Amino acid sequence: MSQISLTFPDGNAREFPAGITPAEVAQAISTSLGKKAISASVDGAHWDLAWPIDTDAAIAIHTMQDDAPALELIRHDFAHVMARAVQEIWPDTKVTIGPVTEKGWFYDFDRAEPFTPEDLGAIEAKMKEIVAARDPVTTEVWDRDRAIAHYRDTNEPYKVELIDRIPEGAPIRMYWHGDWQDLCRGPHLQHTGQLPADAFKLMGVSGAYWFGDTSRPMLQRIQGVAFKNRNDLKAHLTFLEEAAKRDHRRLGREMDLFHMQEEAPGQVFWHPNGWTIYTTLQDYMRRKQRAGGYQEINTPQVVDRKLWEASGHWEKYQHHMFIVEVDESRDGETDDAAVKDKAQTRINALKPMNCPCHVQVFNQGLKSYRDLPLRLAEFGSCARFEPSGALHGIMRVRGFTQDDAHIFCTEDQIQEECARFIEFLAGVYRELGFPDFEIRFATRPEKRVGSDESWDHVEGALENAIKAVGRDYVLEPGDGAFYGPKLDFYLTDAIGRVWQCGTFQVDPNLPERLGASYVAPDGDKKRPFMLHRAALGSFERFIGILIEEHSGKLPFWLAPRQVVVASIVSEADDYIHEIVAALRAAGVRAEADLRNEKINYKVREHSVGKVPAILAIGHREVEERTVTLRRLGEKATSVLSLDEAVATLAREATPPDLL
RNA sequence: GCCGGUAUAGCUCAGCUGGUAGAGCAACUGAUUUGUAAUCAGUGGGUCGGGGGUUCAAGUCCCUCUGCCGGCACCA
């Protein structure tokens, strides 16, 4: 038998007979490692202890101490244990796939009857039995025909499909957890008793399409989470509870920011507090854009279908548009049948995006190459008929306002404009408290318009721009629009969710369709490029992210209610009016709380309401012309003179770009 | 859009196998003038999401529509 050389993490190499398994390697190193081993890395691949190694390789033996492989095995084996439990309880259930997810796993099933939330308890109980049984996990490689025949016999059509998807030459592995058998690429633990029976939880049932294919019947997905021990599970469940407390939908109600209702699904009714955040943010963006060389415009909401036909949206995007039909004969308010016969209905659509309207502005008058780059910005209110299942608070809505702009420029100006925009966006994000963001670079898709030379040039411009400003990017090959590449900018919020906010798209197509042109130096008319870009994305989503990021405790300058001046005794009322007036004159959003309540009550109420500063005023403050300041979330208080307090708070109320 | 769940007072929720609705907080009224996360007492408040059906009787059972929640799909 031939020998192979295995190199360990410490750099030492040892000879072993070919076909040795990691289990045997671990045993050869020491009996205790042989007992503790759960899997291995072989040339970087996660390797089952039972798989033979046939060639020279770098090897590392993993134990439960190694978090990443341990968690992967735990979650993966739980997926199988759950599928086995389900099939033991409901033998008519067909199994499909069950991959590991970020905190656990899911497994999709095909069963006529829906799983109920109550069923989850029964499944969990059965899973614990399987763990307690300490059933061995074993594996074999089968040939394709045998595997297919097996799954035909056992009436598991999804597994047959899966085998068809396994590329020629790749091993088809069968695993057994006790007597229960599944097709799986592995690796796995050695027996079910290695699973922590007190560190998993089934989280729910939902629908899911087989490989995302909406034309197929829906499967039922059961999701679970699993950790190495009970404490980690508890920590995760606590984290979920905390996340729920900072949910913008909950805080939106508690802080009286906005509401939504049935008659306008996916659209926001902003209350005074919420609208204060919105306008403060908008004022900020307006100043930033002006400083960044943008000119602000405003364009119509309701636009005749003719424009959408010209832009291509009518053909490609109609299902997402709110269509408005207007009978123009209504003008005369007549009942005259003859007039009604002549009635003409006109079909309009609410704009789902601003770009076609911006081209109309560009097209007015004659543009020269000297006008380029021309940067037209609009806080553009858009309406999109998003599918009902996509709606989510104010993060995914049907009516929203973008901090949109379109830059009309020449091909040679794209790189410079892209770099400028990335710096602009980075500055905005930094000032808004998001110094870190991710750029995803989406390149040419299969179906596209334009020559390869043109794509080469434009993609190169974007890549150079990213490099020029010293940023990294994640490449998303083939994800660009059919007319040009794009950059998307992603923020991660305080609970780890990733949101797309900013975008930068290169578009030679729409200027072409809508006949935009400029006069070039040689006197010829040429097509400009159009760059679609947004930094915040939409005010609605961005405010939702801000709320969740800060658990409602917004930075002082953005807080809708900045200071409450609360009386301890009613003799302080006159002085409090004076304080409030002084703060307001200095640009601070201040209000008085003169109610006949104890200071404890007021402090609690305004703390719950996330007011960043409370000034408590009693006899002492009146006499000394001071204020006692208490910051949100802090127990300590500090005494300041009135002038000091106004100066300090006024400074804090100043937006970051004006400091 | 699809699968599942869900809808009771302003909010959070209770209401068992059908017998015409309750609590806490909030609101309102009164008393209390109070020193940093809930002062006390009293009062009012709900066609139980909409529509239809079964039944002597429906918040409760059935159908349907709508919204919301969790996923899937979508987010050129």
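Everything quoted here is computed from the prediction, not taken from an experiment. Below, chain A is the first sequence line, B the second, and so on; all start at residue 1.
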So salt bridge (Lys or Arg N to Asp or Glu O under 4.0 Å) across residues 105-118 of chain A, not counting sequence neighbours, yields A:Asp108-A:Arg221

Taking N and O atoms by type only, does the side chain of [X] place a donor or acceptor under 3.5 Å from a partner on the base of [N]?
X        : N      : value
A:Ser570 : B:rU33 : yes
A:Tyr209 : B:rG1  : yes
A:Arg630 : B:rA37 : yes

Any N/O pairs under 3.5 Å between the protein and nucleotides 12-14 of chain B? List them or say none.
{"from": "B:rU12", "atom 1": "OP1", "to": "A:Arg253", "atom 2": "NH2", "distance (Å)": "3.1"}

Output field dot_bracket for RNA chain B (Watson-Crick or G-U, both distances under 3.5 Å, | for other-strand pairs) contains (((((((..((((.....[..)))).(((((.......))))).....(((((..]....))))))))))))....

Taking B:rU36, B:rG35, B:rG1 as options, the one with an atom nearest any side-chain atom of A:Ile568 is B:rG35

So, is A:Tyr601 near the phosphate of B:rA26, with a side-chain N or O under 4.0 Å from OP1 or OP2?
-> yes

To the nearest angstrom, the CG-P distance between A:Asp593 and B:rA38 comes to 15 Å

So the side-chain hydrogen bond (donor to acceptor under 3.5 Å, both in side chains) pairs with at least one residue in residues 607-622 of chain A (sequence neighbours excluded) are A:Glu621-A:Thr628

Check whether NZ of the Lys or CZ of the Arg A:Lys316 lies under 6.0 Å from the centre of the six-membered ring of A:Phe482 and within 45 degrees of that ring's axis.
-> yes

What protein N or O atoms touch nucleotides 4-6 of chain B N or O atoms at under 3.5 angstrom, if any, and at what distances?
none

Listing time: all N or O pairs from protein to nucleotides 42-52 of chain B that are below 3.5 Å?
none

